[in-house]
Amino acid sequence: MNITAKIRARRAEARTRRAVNRAIDHAATPAMRHELIMIAQQQGNLR
């Protein structure tokens, strides 16, 4: 993997992480928030 591909992959991961965090922050209920956190942890999108 060349450096450009690494940078793109890192940016894509950051975008996904931000989107997941935004969804968790704006969850309608605590149960939905908990479910989103569990899904993100299972997929490795939460740090």
Side-chain angles (χ1 to χ4, degrees):
M1 183 182 278
N2 65 25
I3 188 133
T4 305
K6 286 181 183 180
I7 291 170
R8 286 183 183 141
R10 184 179 230 175
R11 286 181 180 170
E13 289 173 12
R15 275 193 305 272
T16 300
R17 214 171 24 254
R18 283 193 304 269
V20 168
N21 288 332
R22 198 173 315 120
I24 289 169
D25 289 342
H26 294 97
T29 64
M32 179 62 75
R33 182 177 186 275
H34 181 68
E35 191 169 339
L36 287 169
I37 290 170
M38 288 181 56
I39 292 168
Q41 287 174 338
Q42 288 173 350
Q43 294 180 354
N45 290 328
L46 193 62
R47 286 189 182 180

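- Separating the CD atom in Gln41 from the CE atom in Met38 is a distance of 8.0 Å, to the nearest 0.5 Å.
- Residues Ile24 and Ile39 are members of separate hydrophobic clusters, defined by side-chain heavy-atom contacts under 4.5 angstrom among Ile, Leu, Val, Met, Phe, Trp and Tyr.
- Remark: the backbone N or O of Pro30 is not paired with any side-chain donor or acceptor of His34 at under 3.5 angstrom.
- From Arg15, atom CZ reaches atom CD of Glu13 across 10.5 Å, with rounding to the nearest 0.5 Å.
- Taking CD1 from Ile3 and CZ from Arg10, the interatomic distance works out to 9.5 Å, rounded to the nearest 0.5 Å.
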Inset, instruction - Assess whether side-chain contact (heavy atoms from CB on, under 4.5 Å) is satisfied between Asp25 and Arg22, documenting all intermediate values. - result: CA-CA 5 Å; Asp25 289 342; Arg22 198 173 315 120; 5.7 Å; no
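- Side-chain contact between Leu36 and Arg33: absent, with no pair of heavy atoms (C-beta onward) separated by less than 4.5 Å.
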